[in-house]
Structures are given as C-alpha cells and as structure tokens.
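First the structure, in the form of structure tokens, and then the observations on it.
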Amino acid sequence: MPELPEVETIANGVDVRVRGRTIISVWLSSKPEPFRSTPAELVKALTGSTIEHVRRVGKHIVVDLTRDAAATRRRSIAASRKAKPWRGQWLVHLGMTGSLLVCQPDEPTPKHTHAILQLDDAREVRFVDPRRFGRLSVLDLSTEATSKTGRRDSGVSAHDKGFIGPGQEPLDISADAFRALFRGRRTPIKSALLNQKLLHGVGNIYADESLFRAGIRPRRQAGRLTAKELERLRTSIQSVLREAITLGGSSVSDYVDASGEKGFFQLEHKVYLRTGESCLVCGTPIRRILVAGRGTHFCPHCQH
DNA sequence: CATGTTTCCTGACAGC
DNA sequence: TGCTGTCAGGAAACAT
C-alpha cells in the first residue's frame with residue numbers, strides 16, 4: 001500500500017515524465033466515483049492546464065497546474081496579456097491500491113482505470129485503483145475564496161499556498177516538535193503514528209518497522225514515552241523512510257511506480273508481515289496483534 | 001476534544 | 001470447478 005516512500009517514488013517518477021506538458025483532454029469513469037471533487041470540477045480544472053510540477057505532500061500527490069487567462073476565459077489577447085494565469089492543484093490520494101501511471105496511448109487500459117489525462121505529446125496519465133479507496137480532487141488557487149475556512153485539518157493553508165497536508169512532514173520535523181505531537185496522548189503510539197493529523201505519510205508498514213528499530217512496543221501510551229525513546233523513534237522513522245525511498249518503496253499488495261516498476265524495500269522489512277518468523281536480531285518469533293484495528297507486527301524480545 | 005468503531009471496496013485465498 | 005465466507009486496510013463518518 002502506498003505510504004510516504006511509495007508516494008514519493010511515484011510523484012518523482014511522474015514529475016520527470018510529464019512536467020511542462022499540457023493536458024489536452026480528460027476522461028473519467030462513470031462508475032461509482034472515487035472523487036472528492038465533482039467530475040465537472042475535475043474536468044474543468046484539468047482540461048487545458050499545464051503541469052508545472054508533481055510532488056508529494058504527506059501521502060498525497062500534488063500536481064501544480066497553471067493555465068493562461070486567455071485559455072481560461074477566452075477573452076481578447078489584449079485582456080489576457082495583463083491577466084494573471086489561473087492556478088490550481090490536482091490532488092491524488094492512492095488509498096490502498098491506487099496507482100498513477102504514465103503510459104503510451106496504445107498500452108491496454110487495465111480494469112479499474114478511473115481517470116485518463118491525455119497529454120499534448122499523446123501520452124496518458126492514468127489513475128487505476130481496484131479497491132477504490134483512492135481519491136481525486138482539485139483546488140482552485142486563483143479565487144480569493146481558496147480557503148473557505150482556512151482550516152488546517154483540511155490540509156489547505158489559509159494563505160493561498162495550496163495543499164500543505166493534514167500534519168507535519170516526518171522527514172523534516174525537529175526533535176522538539178516531534179515530542180510535542182505526542183505529549184499528553186493516552187492512545188497507543190502505533191495509533192498516534194497512523195494519525196495523519198499528527199505526522200502525515202506514515203502508514204502501517206513504516207509504523208511497524210520504525211517501532212521495531214526504535215525498540216518500542218506498539219501498545220505503549222504515546223504520552224508516556226521518554227524523551228530518549230521519542231528521539232530514537234523520530235530518527236528511526238526518518239532512516240526507515242529514507243532507506244525505503246532509496247529502494248523505490250515496498251511492493252506488497254500491488255504497488256508499482258509511475259512506470260509500472262516494483263520497489264525493493266519489502267526485502268528489508270524486519271517485522272511487517274513476518275508473523276511467526278524469527279526476529280532477525282534475536283530469533284524470537286515475531287508476533288501479530290491488533291492495534292487501532294490494524295495488523296501490527298513486533299518482536300516481544302527486542303521491543304519494550 | 002480525544003479516542004474507539006464502523007464503513008467503504010475488491011482480490012486473494014481457505015474450505016467445502 | 002466453483003461457490004461462499006473471511007480478511008486486508010486509509011481515512012472519513014459516526015459513536016462514546
């Protein structure tokens with residue numbers, strides 16, 4: 001399932017392939033909608049827009065779009081020369097099984113393809129998602145009313161900067177800010193790590209792998225971890241995520257990058273999906289429990 | 001507000 | 001072989 005390293009890999013792969021291209025036309029599946037915005041809003045924002053940049057924020061892929069005013073409003077050339085270009089963002093959340101692929105138009109369209117953007121060089125960007133937990137949406141950054149409320153929890157900043165995600169970036173966060181996130185929380189540390197409003201980007205795989213590396217049991221109360229443990233956890237999260245990005249992510253389930261290639265970090269997993277197998281450090285069988293309704297894997301000897 | 005529970009959805013897989 | 005049942009999980013909606 002796509003978490004921070006997988007989303008980063010996909011976003012970078014899509015970026016190098018389509019940056020600067022213009023979207024000529026958009027097709028959306030008419031089947032039950034994996035869309036946050038309405039199909040009409042998506043088509044309106046995407047059609048005729050140029051892709052400035054594709055990047056990752058939390059578990060979202062953010063596609064920065066612009067369109068000159070002439071194309072937007074079909075005014076006279078004189079009027080459009082003065083007008084600011086339209087700006088917007090396409091947000092893609094891959095859910096559990098989503099993928100975003102850059103394809104040649106003659107490649108067969110797989111089942112569960114929900115969106116196809118045709119580019120000006122005839123290639124296509126395709127959103128495929130069998131389980132339909134993924135979501136597509138667009139933001140209009142030109143209208144001043146960008147932030148209906150400027151709510152931080154919507155992931156949209158109040159000052160027209162566009163999508164900033166629901167929480168803090170795990171790769172950047174300072175030791176102080178990290179500690180502050182968990183202060184006073186009685187929820188299990190594993191649940192807190194999965195809460196995207198705290199840290200965004202960490203999911204089930206990397207929560208389990210980070211807790212193993214930090215030597216912390218998943219059910220420990222977040223607010224009762226010592227400063228030393230929290231700092232160990234922060235550096236574990238950062239090193240696990242960075243290693244995983246280097247290896248192109250973890251291919252469990254059906255994850256592939258923008259060109260359909262698998263990642264290799266699943267070969268480095270120490271606990272995730274290793275129930276009953278020997279701990280690679282001490283030999284104790286890895287245990288699986290349920291925390292926050294999620295399968296959770298840990299070594300009862302190495303983690304305290 | 002904080003935390004726990006349910007829901008969505010389909011492919012994979014077990015058991016008969 | 002083919003049917004049925006169970007399970008996985010990110011995040012939003014709902015309940016406590």
Side-chain angles (χ1 to χ4, degrees), chain A residues 1-8 10-11 29-38 56-62 91-100 110-115 127-137 149 151-156 163-168 170 180-211 218-225 241 244 249-256 262 266 269 271-276 286-298:
Chain A
M1 39 241 66
E3 302 178 26
L4 186 150
E6 293 77 28
V7 178
E8 174 109 4
I10 293 171
S29 87
S30 54
K31 300 294 171 192
E33 68 298 342
F35 309 131
R36 283 245 94 72
S37 304
T38 66
R56 175 196 65 77
V57 173
K59 289 183 195 172
H60 287 80
I61 298 168
V62 178
L91 305 181
V92 180
H93 193 293
L94 298 169
M96 295 206 29
T97 54
S99 53
L100 196 65
K111 207 174 164 184
H112 307 301
T113 298
H114 297 113
F127 173 66
V128 182
D129 183 17
R131 233 170 272 184
R132 288 200 265 152
F133 279 17
R135 291 291 179 264
L136 302 183
S137 57
T149 57
R151 295 189 326 259
R152 165 80 221 207
D153 68 348
S154 68
V156 180
F163 187 75
I164 56 171
Q168 306 273 313
L181 285 181
F182 303 106
R183 199 164 291 144
R185 293 189 182 268
R186 307 162 70 92
T187 197
I189 184 62
K190 161 93 185 235
S191 304
L193 289 178
L194 294 178
N195 182 348
Q196 302 295 297
K197 289 179 182 170
L198 273 33
L199 279 186
H200 59 204
V202 176
N204 211 33
I205 297 173
Y206 298 103
D208 282 3
E209 292 297 316
S210 302
L211 286 167
R219 285 219 239 251
R220 290 277 303 282
Q221 269 187 35
R224 294 204 172 162
L225 294 177
L241 294 175
S250 301
S251 284
V252 302
S253 176
D254 31 21
Y255 161 74
V256 288
K262 294 186 174 209
Q266 67 278 11
H269 292 175
V271 289
Y272 187 75
L273 254 33
R274 294 195 65 245
T275 311
I286 299 301
R287 279 184 41 197
R288 182 183 189 278
I289 57 175
L290 224 51
V291 179
R294 301 282 169 264
T296 297
H297 315 77
F298 72 103

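The chains referred to below are lettered A, B, ... by the order of the sequence lines, with proteins before strands, and numbering in each begins at 1.
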Of the non-hydrogen atoms in [X] and [Y], which two are nearest, and what is the gap between them?
X	Y	answer
A:H297	A:T275	CD2-OG1, 3.4 Å
A:P130	A:T97	CD-O, 3.4 Å
A:Y272	A:E209	N-OE2, 2.8 Å
A:G295	A:K190	O-NZ, 3.4 Å

How is [X] classified with respect to the nucleic acid when contacts are heavy atoms under 4.0 Å: base, sugar-phosphate, or nothing?
X	answer
A:Y272	sugar-phosphate
A:G295	sugar-phosphate
A:R183	nothing

Tell me, please, which residues at least two apart from A:H112 pass ring-ring contact (aromatic ring centres under 6.0 Å, His included).
none
Strictly distance-based, threshold 3.5 Å: is any side-chain N or O of [X] a donor or acceptor partner for the main-chain N or O of [Y]?
X	Y	answer
A:R274	A:G276	no
A:Q196	A:V202	yes
A:Q168	A:L198	no
A:E6	A:G249	no

Quick check on B:dG11: is either OP1 or OP2 less than 4.0 Å from any side-chain nitrogen or oxygen of A:K111?
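Result: yes.
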Nearest whole angstrom, please: distance from the P of B:dC9 to the CZ of A:R131.
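The distance from CZ of A:R131 to P of B:dC9 comes to 13 Å, rounded to the nearest Å.
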Tell me: CE of A:M96 to C1' of B:dG11, nearest whole Å?
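Between C1' of B:dG11 and CE of A:M96: 11 Å.
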Could you run down the sub-3.5 Å N/O contacts of the protein with nucleotides 1-3 of chain B?
residue : atom : partner : partner atom : Å
B:dT3   : OP1  : A:R186  : N            : 2.8
B:dT3   : OP2  : A:R185  : NH1          : 3.4

Could you list where the contact with chain A starts and ends along DNA chain C, reading 5' to 3', using a 4.0 Å heavy-atom cut-off?
C:dA8 to C:dA11
With sequence neighbours left out, what residues match A:R287 under salt bridge (charged side-chain N to carboxylate O under 4.0 Å, His left out)?
none
On DNA chain B, nearest-nucleotide positions of A:A292 versus A:H112: which is more 5'?
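Nearest-nucleotide comparison on DNA chain B picks A:A292.
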Taking five pairs at each end of the helix from B:dA2-C:dT16 to B:dC16-C:dG2, what angle separates the two helix axes (nearest 10°)?
40°
With A:R186 via side chain to side chain contact (heavy atoms under 4.5 Å, CB included) - residues at least two apart
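For A:R186, the residues satisfying side chain to side chain contact (heavy atoms under 4.5 Å, CB included) (neighbours in sequence not counted) are A:Q221.
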